[in-house]
Amino acid sequence: MKLYNTLTKTKEEFIPIKPGEIRMYSCGPTVYNYFHIGNARPFVIFDVFRRYMEHKGYKVTFVQNFTDIDDKMIQRAKEEGLTVQELAEKFIAEYFVDADGLGIRRADFHPKATEHIDDIIAFVQKLMDKGLAYQAGSDVYFDTGAYEGYGRLSGQNLEDLELGARIDINDKKKNPMDFVLWKGQKPGEPAWDSPWGPGRPGWHIECSVMATKYLGETIDIHSGGQDLIFPHHENEIAQSEGATGKPFARYWLHNGYINVDNRKMSKSLGNFFTVRDISKDFDPEVVRLFMLSSHYRNPINFSRELLEQAQSALERLYNARNNLEHLLKDAEEKPADESEKQFLDRLPRFKEDFERAMEDDINTADAVGVIFDLVREINIHVTAGRSAGTIRAALDALKSLTGILGLLNRKQGSLDGEIEELIEKREQARKMKNWALADSIRDQLKEQGIVLEDTPQGVRWKRL
RNA sequence: GGCGGCAUAGCCAAGUGGUAAGGCAGAGGACUGCAAAUCCUUUACCCCCAGUUCAAAUCUGGGUGCCGCCUCCA
């Protein structure tokens, strides 16, 4: 498996610290709102990475945090008339609703900052003890000047950063790039007691603390959006390596942005679409396929038209699956004939091609292409009269590959009796060549979202 | 000012030395009572200019255009 490592700016062969095991941390959402599809991209792509590595037999321990205390949380809670904790609980629940819809599996741990205050305080204390942090008023700052190697991840050095700095004037800091580890309480804000007085953790520290707590001082992979490279991940490295003296993460993975009209989708620009909003018009699985159709490090433009394209593509996948399941219903158990054998012999190649794509820095776009190649092969060769074994093999191959990408989660389900009766009535009408009646029933069902397709093996239905 | 990314058909998008995967849309055909699904056929001067090479979308240099980070942000 080759992965592009932001730390080295090269594609490297991935070698886990412990053979067969992967420990990975991915930055999760600040839970003050529904998340938008820009936020969703890392959730989806790193979920796919995790699924793929598990498919390859790795034991993956995956941690994704919830930031449940910060300025935005406090402000939003105030606006909503909720406590910060109530706000967090609400949007953590909503996170899971949308994440489930997108087919994102739960992490092994979803730690929250507020549940690790003691750990955070101990961590900050450790940095103080090492002379890498200092108290200024009621705040505690990380001393970037005292830490060697600041800027390694983002390819910046302190001087250049300061030259272009658009940072707030803050007299309390020794160095403009110093960042807060512990924020002293302001009136009306939630706070926890600490050696430096009541306050709350800064943003960056929670990830260092929770990553090392759940995964160890050196982890295999740390991931997130490109906008986290600086300063968030830079600061995580400084804190973690400052505190432990060990490398923090071996591989840093960063996904590209989702753009709208070629501009980055972001909360501050206000040009964002929440997954929740999009779910009103599209199955979130469409969003998932949309994201996986391009390489994760490339920016992708978002538009309704592109989702419609993805939706049509997804339908093609479902059609193939539904067709196989339909064929399987009354397929015979019999030995494969010569042409079936040839088809079966070709099946493993799709898996190989798929894996080759995935091994190349998670090239899901290429991998999706392989799935469509497989679909065509299946549509050509797996037709009426094929043996049950052949159909099953095709279905297994398709489900296996789409499963790794977390696609085709929708179940075919069943129809209620009333609709079944209508379908039967239409079948009778067709036998009598009463096309007018047959077509009117078909139209009527379509109104209800049931599409009928007549095949040589009888009528097949699907939901719109 | 510093650092970085991208430019492939109507729309999306892989491909990083041997003359272009895949999807969507379109056109024609097959199948169908009609459809749908499916299959077949069809649609690319790979941003521009130089250079390296037997050979470049792919490497090098120079342009042009767009975007991002350096501030909260996935």
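In what follows, every chain begins at residue 1, and chains take the letters A, B, ... in the order their sequences are listed.
- When the P atom of B/G22 is taken as reference, atom CE of A/Met358 falls 20 Å away, rounded to whole Å.
- For A/Tyr257, whose side chain is taken as the heavy atoms from C-beta onward, the closest listed nucleotide among B/G2, B/C24, B/A74 is B/A74.
- No contact: A/Pro29 has no heavy atom under 4.0 Å from any strand.
- In this entry the distance linking CD1 of A/Ile371 with P of B/C24 reads 14 Å, nearest Å.
- A cation-pi arrangement is not found for A/Arg41 relative to A/Tyr257, the charged atom failing to lie both closer than 6.0 Å to the ring centre and inside a 45° cone about the ring normal.
- Test A/Glu241, A/Glu236, A/Gln239 against A/Ser208 for side chain to side chain donor-acceptor pair (under 3.5 Å) and you get one pass: A/Gln239.
- Looking at the side chain of A/Gln309, the nearest of the listed nucleotides B/C73, B/G15, B/C12 is B/C12.
- Candidate nucleotides B/A74, B/G2, B/A14 were compared by shortest atom distance to the side chain of A/Ser294, and B/A14 ranks first.
- Base contact: A/Ala365 has a heavy atom under 4.0 Å from a base atom.
- Residue A/Asn363 is classed as a sugar-phosphate contact, given heavy-atom separations below 4.0 Å to backbone atoms only.
- Regarding contacts with the backbone of B/A14, a side-chain N or O of A/Asn298 is found under 4.0 angstrom from either OP1 or OP2.
- Among the protein residues, A/Gly38 comes within range of the nucleic acid bases, having at least one heavy atom under 4.0 Å from a base atom.
- Rounded to a whole Å, the CZ atom of A/Arg426 is 12 Å from the P atom of B/G33.
- No side-chain donor-acceptor contact under 3.5 Å links A/Tyr296 and A/Asn298.
- Base pairing of B/U64: its partner is B/A7, meeting the Watson-Crick or G-U wobble criterion (both donor-acceptor distances under 3.5 Å).
- Remark: the separation of the C1' atoms in B/G4 and B/U41 is 45 Å, to the nearest Å.
- Nucleic acid contact class of A/Arg316 (heavy atoms, under 4.0 Å, all strands): sugar-phosphate only.
- Residue A/Phe372 is the one, among A/Phe372 and A/Val451, whose nearest nucleotide of RNA chain B lies closer to the 5' end (criterion: closest heavy atom).
- Considering only side-chain atoms of A/Arg376, the nucleotide from B/C39, B/C73, B/G33 that sits closest is B/C39.
- Heavy atoms of A/Ser26 sit nowhere under 4.0 angstrom from any nucleic acid atom.
- For A/Asp160, the side-chain atoms get nearest to B/G2 when compared with the rest of B/C34, B/G2, B/A74.
- Relative to the six-membered ring of A/Tyr318, A/Arg410 meets both conditions, a distance below 6.0 Å and an angle of at most 45° to the axis.
- With a cut-off of 3.5 Å on both Watson-Crick or G-U wobble distances, the partner of B/U19 is given as none.
- If you take atom C1' in B/U42 and the same atom in B/A25, they sit 14 Å apart, rounded to whole Å.
- As a whole-Å value, the separation of A/Phe343 CZ from B/C39 P is 13 Å.
- Counting any heavy atom pair closer than 4.0 Å across all strands shown, A/Leu452 reaches a base atom.
- Checking A/Tyr4 against A/Val375, the closest nucleotide of RNA chain B that is more toward the 5' end is the one next to A/Tyr4.
- Under the Watson-Crick or G-U wobble criterion, with both distances below 3.5 Å, B/G51 is paired with B/C59.
- Ring centers of A/His254 and A/His233: under 6.0 Å apart, within the cut-off.
- If you measure from atom CD1 of A/Ile300 to atom C1' of B/C11, you get 15 Å, rounded to the nearest angstrom.
- Geometrically, A/Lys11 does not engage A/Tyr4 in a cation-pi contact, judged by NZ or CZ lying under 6.0 Å from the ring centre and within 45° of the ring axis.
- When the P atom of B/C73 is taken as reference, atom CZ of A/Phe43 falls 13 Å away, rounded to whole Å.
- The P atoms of B/A14 and B/U8 are separated by 10 Å, rounded to the nearest whole Å.
- Contact annotation: side chain of A/Asp454 to base of B/C34, donor-acceptor pair present below 3.5 Å.
- Base-pair partner of B/C72: not found among the strands shown (Watson-Crick or G-U wobble, both distances under 3.5 Å).
- Backbone-only engagement by A/Ile380 is indicated by non-hydrogen atom pairs under 4.0 Å involving sugar-phosphate atoms exclusively.
- When heavy atoms are screened at a 4.0 angstrom cut-off, A/Ser266 is found touching base atoms of the nucleic acid.
- Across all strands shown, B/U41 is found opposite B/A27 as a Watson-Crick or G-U wobble partner, with both distances under 3.5 Å.
- The distance from atom CD of A/Glu305 to atom P of B/C12 is 7 Å, rounded to the nearest whole Å.
- In this entry B/U32 has no Watson-Crick or G-U wobble partner, no candidate having both defining distances under 3.5 Å.
- As rounded to the nearest Å, B/U58 and B/C49 have P atoms that lie 12 Å from one another.
- One finds a side-chain N or O of A/Lys264 lying less than 4.0 angstrom from the OP1 or OP2 phosphate oxygen of B/C69.
- Within 4.0 Å of A/Asn255, counting heavy atoms only, lies at least one base atom of the nucleic acid.
- Nucleic acid contact for A/Arg304: none, since no nucleic acid atom lies under 4.0 Å from a heavy atom of the residue.
- Taking atom P in both B/A55 and B/G22, the straight-line distance is 29 Å, to the nearest Å.
- Comparing B/A74, B/A36, B/C11 by their closest approach to the side chain of A/Glu453 singles out B/A36.
- Separation of the C1' atoms belonging to B/C54 and B/C39 is 41 Å when rounded to the nearest angstrom.
- Residue A/Trp461 has no polar side-chain atom (N or O) positioned under 4.0 Å from OP1 or OP2 of B/A37.
- In this structure, of B/C11, B/U38, B/G33, it is B/U38 that holds the atom nearest to the side chain of A/Asn379.
- Residue contacts shown for A/Glu308 are absent, as no nucleic acid heavy atom lies under 4.0 Å away.
- The shortest distance between the side-chain N/O atoms of A/Arg442 and the OP1/OP2 oxygens of B/A35 is not below 4.0 Å.
- Here the two rings, on A/Tyr34 and A/Phe91, have centers that are under 6.0 Å apart.
- Between the CG atom of A/Leu158 and the P atom of B/C70 there is a distance of 16 Å, rounded to whole Å.
- Here, B/U38 and B/C59 have their P atoms 37 Å apart, quoted to the whole Å.
- Between A/Lys267 and B/A74 there is a side-chain N or O to OP1 or OP2 distance below 4.0 Å.
- Within the nucleic acid shown, A/Ile258 comes within 4.0 Å of at least one base atom, counting heavy atoms only.
- In the model, A/Asn157 has no side-chain atom that pairs as donor or acceptor with a side-chain atom of A/Tyr150 under 3.5 Å.
- Of the N and O atoms on the side chains of A/Gln311 and A/Glu315, not one donor lies less than 3.5 Å from an acceptor on the other residue.
- Side-chain N/O atoms of A/Asn65 and A/Glu206 include a donor and acceptor closer than 3.5 Å.
- Taking the P atoms as reference points, B/C45 lies 23 Å from B/C6, given to the whole Å.
- For A/Ser268, whose side chain is taken as the heavy atoms from C-beta onward, the closest listed nucleotide among B/A74, B/C24, B/C72 is B/C72.
- A/Asn319 comes within 4.0 angstrom of sugar-phosphate atoms only, judged by non-hydrogen atoms across all strands, and of no base.
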